[in-house]
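Comments concern the structure below.
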2 protein chains.
Amino acid sequence: MFQLDLLSRTPVYEQIINQLESFVLNDILTPHTQLPSVRGLSVELSINPNTIQKSYSELDHRGIIYSVPGRGCFISEDAKSILSNLSRSKLSSLEDLFSELKVAGVTKDEIKTIVDSVYEKGAKL
Amino acid sequence: MFQLDLLSRTPVYEQIINQLESFVLNDILTPHTQLPSVRGLSVELSINPNTIQKSYSELDHRGIIYSVPGRGCFISEDAKSILSNLSRSKLSSLEDLFSELKVAGVTKDEIKTIVDSVYEKGAKL
DNA sequence: TGTGTGTACTATGTCACATAGTACACCAAA
DNA sequence: TTTGGTGTACTATGTGACATAGTACACACA
C-alpha cells in the first residue's frame with residue numbers, strides 16, 4: 001500500500017502522511033476505514049514503530065484520522081473536505097510556477113495542453 | 001540582493017543558489033557579471049563564508065558560474081540556456097500537480113485563468 | 001609588497017530524523 | 001478473568017545534513 005523512498009530528502013514519516021492523504025483524496029480510503037496498526041505497518045515497511053506513530057499523530061492533529069484507544073486508527077468523516085480545501089489553497093502557488101516556466105520560454109499553449117490532457121483522463125494514480 | 005529565510009527547511013546555501021538562478025533567468029544577472037565575493041557576501045548576509053563557498057561551488061559545478069583564481073566568480077556564458085532547459089523539464093511534473101488539483105475539485109478553467117493572468121503581465125519579480 | 005580573491009582543510013555544534021527499548025492504558029475475544 | 005492486539009508516552013542513542021569557527025595556501029592586481 002505504501003511506497004517509501006529512503007533516499008529521498010522528504011522524511012519517511014512525511015512520505016507516509018502524503019501518500020495516505022492522496023489515498024483519501026482519491027477515495028481509496030473512505031471515512032471510518034481502519035488504518036494498519038502502528039506495529040503491523042512498521043513490520044511491513046521495515047521501519048521503526050515510532051516513525052509510523054509520528055505520522056499517525058500528525059494526521060490526527062490535522063483532523064485527517066481519529067484514534068480510538070485500544071481499537072485503532074480510522075479515517076475521519078471530514079478527511080476529504082479538509083484535504084480538498086488545503087489543495088485548493090495551492091492554487092496561489094501556481095502563479096510562481098507559471099512565471100518560472102514563462103521566463104524559461106514555455107508558451108501558455110503548452111501549459112494549457114497539459115491541463116486539458118489531465119482533465120480528459122479518468123482518475124489518475 | 002539576496003533574501004534569506006533562516007527558518008525555512010530549505011538550506012541557506014540552496015536558497016542562495018535558487019535566487020541567483022532566478023536572477024539569471026530574469027536577465028538581472030548577465031554573462032560575465034562578477035558576483036559578490038565570498039567574504040563580502042557572508043558579511044552582508046551575516047552567515048559563514050563557507051556557506052557562500054558551498055553555493056558558489058555547486059553553481060560552478062552546474063556550469064552557471066565560473067571562477068577565476070584570485071579574481072572572483074562570474075556568470076557563465078551559457079548560464080541562462082542551461083537553466084532554461086532545466087525549467088522546461090519541470091513541465092512533466094505539472095501533470096501530477098494538476099491531477100491533485102483536479103481531485104480537489106479545482107476546474108480546468110480556474111487553472112487556465114491563472115495561466116492567462118501570468119502571461120499577460122510583464123516580467124514578475 | 002600588500003590586499004583581496006577563490007579554495008581547501010579540520011574541528012565543532014546543532015538539529016531533524018530515525019532507531020531502540022520500555023512501559024502503560026484500553027478494548028475485544030477466548 | 002486472561003490474553004493478545006491496539007494506541008500512547010517516555011528516555012536514550014545514533015546518524016547525517018547543515019552551519020559555524022578557524023586556519024592556511026595560491027593567485028591576481030594595484
Side-chain angles (χ1 to χ4, degrees), chain A residues 1-21 29 31-77 79, chain B residues 1-21 29 31-77 79:
Chain A
M1 186 156 192
F2 291 94
Q3 192 80 20
L4 298 185
D5 177 7
L6 299 180
L7 299 181
S8 167
R9 177 181 299 191
T10 306
V12 170
Y13 82 94
E14 204 167 301
Q15 292 183 42
I16 294 172
I17 291 175
N18 291 339
Q19 290 183 41
L20 193 141
E21 288 185 341
L29 289 178
H32 311 300
T33 300
Q34 182 164 10
L35 301 180
S37 74
V38 170
R39 292 172 181 77
L41 189 54
S42 76
V43 171
E44 181 186 332
L45 299 179
S46 302
I47 59 178
N48 194 280
N50 289 334
T51 303
I52 310 288
Q53 165 65 15
K54 189 171 185 179
S55 302
Y56 281 9
S57 173
E58 175 61 26
L59 284 164
D60 178 75
H61 184 261
R62 295 185 188 179
I64 309 301
I65 70 176
Y66 63 92
S67 73
V68 183
R71 294 274 322 279
C73 285
F74 307 85
I75 303 293
S76 73
E77 186 70 39
Chain B
M1 187 158 194
F2 291 93
Q3 193 79 20
L4 298 185
D5 177 8
L6 298 180
L7 300 180
S8 167
R9 178 181 296 189
T10 306
V12 170
Y13 82 94
E14 206 167 300
Q15 293 183 41
I16 295 172
I17 292 175
N18 292 338
Q19 290 183 40
L20 193 141
E21 288 185 340
L29 289 178
H32 311 301
T33 299
Q34 182 164 9
L35 301 180
S37 74
V38 170
R39 293 172 180 79
L41 190 54
S42 75
V43 170
E44 181 186 332
L45 299 180
S46 301
I47 60 179
N48 193 279
N50 289 334
T51 304
I52 311 287
Q53 165 66 15
K54 189 171 183 179
S55 303
Y56 282 8
S57 172
E58 175 61 25
L59 284 164
D60 178 77
H61 184 260
R62 295 184 188 180
I64 309 300
I65 70 178
Y66 63 92
S67 73
V68 182
R71 294 272 324 276
C73 286
F74 306 84
I75 303 293
S76 74
E77 186 70 42

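Quantities reported herein were computed from a predicted structural model and do not represent experimental measurements. The figures here come from the full heavy-atom set of this structure, side chains too, leaving out hydrogens, waters and symmetry mates. A, B, ... follow the sequence lines: proteins, then strands. Residue 1 opens every chain.
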Is there a donor-acceptor pair under 3.5 Å between the side chain of Gln53(B) and the backbone N or O of Val38(B)? no
Could you tell me from which nucleotide to which nucleotide of DNA chain D, 5' to 3', there is an atom under 4.0 Å from chain B heavy atoms? dC18(D) to dC29(D)
So Leu45(B) and Ile16(B), do their side chains get closer than 4.5 Å, heavy atoms only? yes
Nucleic acid contacts of residues 68-75 of chain B, taken as heavy-atom distances under 4.0 Å to DNA chain D: Pro69(B), Gly70(B), Arg71(B)
Spacing of OG1 belonging to Thr33(B) relative to CD1 belonging to Ile75(B), to within rounding of 0.5 Å: 6.0 Å
Side-chain (Gln15(A)) to main-chain (Thr10(A)) donor-acceptor, under 3.5 angstrom: yes
Contact check, residues 7-15 of chain A vs DNA chain C, heavy-atom distance under 4.0 Å, returns Pro11(A), Val12(A), Tyr13(A)
Sorted by number, residues from residues 32-52 of chain A placing a heavy atom under 4.0 Å from DNA chain C are Arg39(A), Ile47(A), Asn48(A), Asn50(A), Thr51(A)
So, OP1 or OP2 of dA18(C): does either fall under 4.0 Å of a side-chain N or O from Lys54(A)? no
The complete set of side chain to side chain donor-acceptor pair (under 3.5 Å) pairs with one or both residues in residues 34-49 of chain B, sequence neighbours excluded, reads Asn48(B)-Asn50(B)
Nearest 0.5 angstrom please: Phe2(B) CZ to Ile52(B) CD1, how far? 7.5 Å
Which pair of non-hydrogen atoms, one from Ser55(A) and one from Tyr13(A), has the smallest distance, and what is that distance? OG-O, 2.8 Å
Can you give each donor-acceptor pair under 3.5 Å made by side-chain atoms of residues 60-71 of chain A, sequence neighbours left out, with the distance rounded to 0.1 Å?
from	atom 1	to	atom 2	distance (Å)
Arg62(A)	NE	Glu58(A)	OE2	2.9
Arg62(A)	NH1	Glu21(A)	OE2	2.9
Tyr66(A)	OH	His32(A)	ND1	3.0

